[in-house]
Amino acid sequence: MALGEKRDTDRARKRVRVRYGVDALNRTGFTRNVSPTGLYIGTNSVFAPGTTLQVELKIDEQTFTMWARVVWAKKVPPQLAHVLDCGMGVCFIDPDPDWLSFFESTDGP
C-alpha cells in the first residue's frame, strides 16, 4: 500500500439507500462506496467526526443494521450540494457477521 493510502482494497462503488441517525434512523442518504468495514454516505446532513450512528442498509431482500463511528465529514453550501462531493465516511464499530458474509459471498453488494 502506498504511503498515505488508507483505503481498503475491498471497497465497492455502489449506490444503496442508507438510513442513519444518532437516536433514530431519521436521516437518509446514499452510499458512494461500501466495504466490509464501513461506508461513504453521500449526504449534506452530516455528523461530526467521532459521532456514533446507527446505520441501516437494505440490499435485495436483506436488511443490515449496525453501529458506526463517523471518521470524516464534508458539508457544502446547499446550493452546491448537487455538484460538489459532500457526505461522511463511517467505520463500523462491530460489523454484523451477516454483513461480512454477504459482502464476501457477493464480492460486494
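Across G21 and N26, no two heavy atoms sit closer than the pair CA-OD1, 3.9 Å. Between A73 and P49, the closest heavy-atom pair is N-CG, 4.2 Å. Between G87 and V46, the shortest heavy-atom distance links the atoms O-CG1, 3.4 Å. The nearest pair of heavy atoms linking V70 to A48 is CB-O, 3.6 Å. Counting all heavy atoms, side chain and backbone alike, I41 lies closest to G29 at CG2-CA, 4.2 Å. Shortest non-hydrogen contact noted between P95 and P36 is CB-O, 3.9 Å.
Side-chain atoms of T31 never come within 3.5 Å of backbone atoms of V34 as a donor-acceptor pair (strictly under, hydrogens ignored).
Hydrophobic clustering (ILVMFWY, side-chain heavy atoms < 4.5 Å, transitive): V55 and V22 are in one cluster. Linking Ile, Leu, Val, Met, Phe, Trp and Tyr whenever their side-chain heavy atoms come within less than 4.5 Å puts F92 and L100 in one cluster. Grouping the Ile, Leu, Val, Met, Phe, Trp and Tyr side chains by contacts below 4.5 angstrom, directly or via other members, places I59 with V90.
In this structure, CG on L53 lies 5.5 Å from CZ on F47, to the nearest 0.5 angstrom. Note that CZ of R17 and CD of E56 are 7.5 Å apart. Values are rounded to the nearest 0.5 Å. Within the model, atoms CD of Q62 and OG of S101 stand 9.5 Å from one another, a figure rounded to the nearest 0.5 Å. In this structure, CD1 in I93 is found 4.0 Å from OG1 in T52, a value given to the nearest 0.5 Å. Rounding to the nearest 0.5 angstrom, the gap separating the CE atom in M66 from the CG atom in D98 is 9.5 Å. Expressed to the nearest 0.5 Å, how far NZ of K58 lies from CZ of R19 amounts to 6.5 Å.
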> Yes or no on ring-ring contact (aromatic ring centres under 6.0 Å, His included) for W72 and Y40, after CA distance, side-chain angles and deciding distance?
Replying inline: CA-CA 9 Å; W72 62 266; Y40 169 8; 5.2 Å; yes

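Taking the six-membered ring where tryptophan is involved, the planes of F102 and F64 are tilted, since the angle between them lies from 30° to 60°.
Between V18 and the options T43, L39, T28, a side-chain contact (heavy atoms from CB on, under 4.5 Å) holds for only L39.
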